[in-house]
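Read through the structure below, which is laid out as structure tokens, and then see the notes.
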Amino acid sequence: MNNPTVCVIIPYYNGSKYIERSANSVLAQTIAPNEFLVVDDGSSIEESEKLKYISEKLGFKVLRKENGGQGSARNFGVENTTSDFISFLDQDDFYLKNHIEILLSGIEKNDPHFGWVYADLAEADEDGNIIRWETVKHHSSHPKRFINDLIGNDMHILPSASLINRVAFKSVGGFDPQFTGYEDDDLFLRMFRKGYKNYFLDQAVTVWCINNNSTSYSIKMSRSRLKYFKKLVSFFPDEPDKARYYMKDLIFKRFNSQIIGEAFRSVCVSNTPQSKKCHNIKAN
């Protein structure tokens, strides 16, 4: 592709507090996207009206759908765009000014199996004040070359810091809408398994704003984690003849402490005989 086209899709849900900041970061790109779409995922009437006002003021397109979660909203956005490459952005994060320019430079034009290129993120507080400029490479290895690394650890590949080949995205059916957490890991895992390769750029392109009210800290994330755990178990049965014990060596180690810890806490906060036992255990 001599002149690859890029679309940017922002899923929106009652996010008027942040959307002007995120939208402005798209509009201020050193290389403008060919398409820019905000998907209103069934927000309240008041929040939808606020989005409409901001979109008319800044000049970007909005499509509205019934609430189905972030993965569903992203898929809807992809279905309503045509660009060669897809770049997502969460409503409470924002792009650095050269986000698209940097990621475009990382496309391997001679690789017929190119799936996506991704980069690092700057971490910030809810107001966008920078905490650090390097985030993902401190948590895991990049790029991804071995399936064990994808299922045994959190990937730390963020759609908001990625440029995804539309062909690769469509080949796996996009995001799995059952998830409200781990939908990112699930998508990139399926593209990897399908034979699409990934490339990593060692510089920040997006500012990831830590919002304590986000889905990452909610019961939705806990439920989605359990769903993803079950999906991985079904996808990766052990292969004793090849000495590959995915469940014991990788999946269980990755999720054990989180799932058991959340189950323990859920019992402790309930008003049941089990919760009384829990408090007794704590007391002892």
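Remember, it's a predicted structure, so these values are computed and weren't measured experimentally.
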Is Asp186 paired with Arg190 through a side-chain N to carboxylate O contact shorter than 4.0 Å? yes

Regarding Lys17 and Glu126, does a basic nitrogen lie under 4.0 Å from an acidic carboxylate oxygen? yes

With a 6.0 Å cut-off on the ring centroids, do Tyr196 and Trp116 count as close? no

Any side-chain heavy atom of Leu163 within less than 4.5 Å of one from Tyr118? no

Checking Val39 against Ile9 for the side-chain contact (heavy atoms from CB on, under 4.5 Å) test, could you report, in this order, the C-alpha distance in whole Å, the side-chain angles of both residues, the deciding distance, and whether it holds? CA-CA 7 Å; Val39 177; Ile9 298 166; 4.2 Å; yes

Measure from NZ or CZ of Arg21 to the centre of the six-membered ring of Phe94 and say whether it is under 6.0 Å with the direction within 45° of the ring axis. no

For the pair Asp185 and Arg254, find out whether any cationic side-chain nitrogen is under 4.0 Å from an anionic carboxylate oxygen. yes

State whether Asp84 and Arg166 are salt-bridged, where the test is any N-O pair (Lys NZ or Arg NE/NH1/NH2 against Asp/Glu carboxylate O) under 4.0 Å. no

Using a strict cut-off of less than 4.0 Å between a Lys/Arg side-chain nitrogen and an Asp/Glu carboxylate oxygen, indicate whether Glu20 and Lys57 qualify as a salt bridge. yes

Would a 4.5 Å heavy-atom cut-off, applied to side chains only, mark Leu158 and Leu121 as touching? yes

Is the distance from the ring center of Phe175 to that of Phe88 below 6.0 Å? yes

Would Thr30 and Asn98 count as having a side-chain donor-acceptor pair, cut-off 3.5 Å? no

Pairs flagged by ring-ring contact (aromatic ring centres under 6.0 Å, His included) wherever residues 40-79 is involved - sequence neighbours left out: Phe36-Phe60

Does a donor on one side chain and an acceptor on the other come within less than 3.5 Å for Asn75 and Ser72? no

Salt-bridge criterion met for Lys65 and Glu79 (N-O under 4.0 Å): no

Under a 4.0 Å N-O cut-off, is there an ion pair linking Asp238 with Arg244? no

